[in-house]
Colleague: 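Mind having a look at this structure? Questions to follow.
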Amino acid sequence: MQTTNNTKQINMLSEIVTPLLRWYHSQARILPWRENPQPYYVWISEIMLQQTRVEAVKPYFDRFITALPTVQALAEVPEGDLLKLWEGLGYYNRARNLQKAAQQVMQEHTGNLPASYDALLALPGIGRYTAGAIASIAYHIGVPAVDGNVLRVITRLIASREDIMKEKTRKMIEAYLQEIMPTDKAGDFNQALMELGAMVCLPKGAAKCPLCPLKQLCLSHAEDYTTEIPVKTPKKARRPENLTMFRLQYQDKIAFQQRPNKGLLANMWELPHIDGHLSIEEIKNHIANLGLPIQSIQALPPAKHIFTHIEWHMIGYAITLRALPAHSPWHWISHSDRVESFAIPTAFKAYVFEE
DNA sequence: AATTCGGGGAA
DNA sequence: TTCCCAGAATT
């Protein structure tokens, strides 16, 4: 019963392999991490590309492998330097997991990334997609790599209305792809599916079907379903949070503090701030209670920063002090150190670099 | 199974 | 505004 249905899908999908590979060989973008697909480079690129667009990764990739050219260099770099290399890219646990994995590779795999899907999957930060991507692209192992692009391409090809957010759907598609995998060209095949999703089989009704090498095979193109497929469960609304930022300055220095080592923006540097929107009178009281000698205080323009699940509504005050307190909970950081040495999340930059 | 992790580009 | 991005870890 189920078998009949699956066999039908697999037979249909098996026809995409040849035209897809032919299309990829003529249309593949030239990307920095495709020039020399050695395991370390593929690994770094795949982690950077998690939930992150190709264009956003480009300026980070070369700089990262120049600064940390080997697994050993990554394993040994101070965390602050690592976060500075990742600054602005987001999802900073990716960088920390990358380093944990590098240390594990040094100890358990003599410094070489393991050439096995299961061993890759056991490393921090490497899930089913990334293990499949590294295994197929760097080691030519015949396993699928199912990301958002592939989910969209395959559900459209077979006109499936299964919810692509569900684990069950992803595993079903992995199983289909495993069946039709050209095992000697797994890396190209996986990348071709992603490339098609990124360049032609676009989301939100923007599909460029006339350019698609698979249009004669595609059931969604035949029935004009590309605006309805894939089906995704809607995500939860963001919660708003009001914050008041302090730009405490003395001469060329600004007060910074390090965020906690867990949770949002862990271990990164931030401006002092408090919950809620405080008036200038409340600010004066607050600062005076801290025993700080205020020379001048000035309201800064409001700013908004949107995270995946939170929305920060920020107001801020520039407060110039007459003297540095003998003991303060903050690090006083000069402009050059701010730019060069400390990893500061984008959310704070409106107030950090407001002059 | 649901939530938590960033940030930016496109419509 | 909303959606989505070469997702994974934690709860």
Side-chain angles (χ1 to χ4, degrees), chain A residues 24 28-29 31-34 37 42-61 83 86-98 100-101 120-138 144-153 163-170 174 187-199 201-206 227 230 232-240 259-268 270 304-312 343-350:
Chain A
Y24 181 66
R29 287 170 291 179
L31 299 174
W33 44 91
R34 285 179 176 163
V42 174
W43 177 32
I44 301 302
S45 70
E46 290 300 340
I47 300 298
M48 287 184 169
L49 286 161
Q50 288 170 0
Q51 292 292 287
T52 308
R53 294 172 186 279
V54 164
E55 292 307 314
V57 170
K58 279 182 179 174
Y60 286 87
F61 176 75
L83 287 175
W86 210 267
E87 179 187 76
L89 199 52
Y91 287 153
Y92 298 93
N93 275 332
R94 291 185 294 178
R96 271 183 289 272
N97 283 333
L98 207 45
K100 283 184 201 164
L120 288 165
L121 191 58
L123 294 170
I126 297 183
R128 299 173 70 87
Y129 161 75
T130 305
I134 298 172
S136 63
I137 298 169
V146 176
D147 73 334
N149 289 307
V150 178
L151 287 170
R152 185 171 58 255
V153 169
D163 185 344
I164 62 168
M165 298 303 283
K166 296 206 178 300
E167 187 75 6
K168 190 182 71 175
T169 306
R170 208 188 63 201
E174 280 182 356
D188 281 353
F189 180 68
N190 287 335
Q191 291 188 84
L193 281 172
M194 293 188 270
E195 192 85 357
L196 190 69
M199 305 303 291
C201 196
L202 302 177
K204 293 194 294 183
T227 57
K232 283 183 84 163
T233 53
K235 56 185 86 167
K236 226 181 66 174
R238 287 187 293 271
R239 66 174 182 274
R259 292 179 64 84
N261 63 7
K262 288 185 183 303
L264 185 68
L265 304 171
N267 278 1
M268 300 190 73
E270 64 175 5
K304 181 168 73 171
H305 187 82
I306 298 177
F307 299 94
T308 304
H309 55 303
I310 308 172
E311 209 171 289
W312 277 1
I344 300 166
T346 303
F348 294 92
K349 299 225 165 169

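Per chain, numbering begins at 1; letters A, B, ... match sequence-line order. Hydrogens, waters and symmetry mates play no part in the numbers below; they use all other heavy atoms, side chains included.
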Colleague: What nucleotide among B:dG7, C:dA6, C:dC3 has an atom nearest to a side-chain atom of A:K204?
Modeller: C:dC3
Colleague: Please state the P separation for the pair C:dA6 and B:dC5 - nearest whole angstrom.
Modeller: 23 Å
Colleague: Round to a whole Å and report the spacing from CD1 of A:I47 to C1' of C:dC5.
Modeller: 15 Å
Colleague: Would you measure the distance from the P atom in C:dT11 across to the matching atom in B:dG6 and give it in whole Å?
Modeller: 15 Å
Colleague: Does A:Q51 make a side-chain N or O approach to OP1 or OP2 of C:dC5 shorter than 4.0 Å?
Modeller: no
Colleague: Grab the CZ-P distance between A:F189 and C:dA6 for me, whole Å please.
Modeller: 18 Å
Colleague: Let's go through A:T130 and A:Q50 carefully: what are the C-alpha distance in whole Å and the side-chain angles of both, what is the deciding distance for side-chain contact (heavy atoms from CB on, under 4.5 Å) to 0.1 Å, and is it a yes or a no?
Modeller: CA-CA 8 Å; A:T130 305; A:Q50 288 170 0; 3.0 Å; yes
Colleague: Would you kindly give the CZ-to-P distance between A:F307 and B:dT4, to the nearest whole Å?
Modeller: 14 Å
Colleague: What is the separation between atom CH2 on A:W86 and atom P on B:dG7, rounded to the nearest whole Å?
Modeller: 13 Å
Colleague: I want to verify a distance call: between C:dA9, C:dC4, B:dG6, whose nearest atom is closest to the A:N97 side chain?
Modeller: C:dA9
Colleague: In whole angstroms, how far is the P atom of C:dC5 from the CE atom of A:M48?
Modeller: 20 Å
Colleague: Examine C:dA9: is either OP1 or OP2 under 4.0 Å from a nitrogen or oxygen in the side chain of A:Y91? Give yes or no.
Modeller: no
Colleague: Could you list the residues that satisfy salt bridge (charged side-chain N to carboxylate O under 4.0 Å, His left out) with A:E87, not counting sequence neighbours?
Modeller: A:K84, A:K349
Colleague: With respect to the side chain of A:N149, which nucleotide from C:dA8, C:dA6, C:dC5 is positioned closest?
Modeller: C:dA6
Colleague: With no angle test and no hydrogens, is the base of B:dG7 tied to the side chain of A:T346 by a donor-acceptor pair under 3.5 Å?
Modeller: no
Colleague: OP1 or OP2 of C:dT1 less than 4.0 angstrom from a side-chain nitrogen or oxygen of A:K304, does that happen here?
Modeller: yes
Colleague: In whole Å, I'd like the distance from the CG atom of A:L49 to the C1' atom of C:dA8.
Modeller: 15 Å
Colleague: Kindly say whether the aromatic ring centers of A:H305 and A:F307 come within a distance under 6.0 Å.
Modeller: yes
Colleague: Between B:dG8, B:dG7, B:dT4, spot the one nearest the side chain of A:H309, thanks.
Modeller: B:dT4
Colleague: From the set B:dT4, C:dA6, B:dG6, return the single nucleotide nearest to any side-chain atom of A:R239.
Modeller: B:dT4
Colleague: Can you tell which of B:dT3, C:dA6, C:dG7 lies closest to the side chain of A:E46?
Modeller: C:dA6
Colleague: Among C:dA6, C:dA8, B:dG7, which is the nearest nucleotide to the side chain of A:Q50?
Modeller: C:dA8
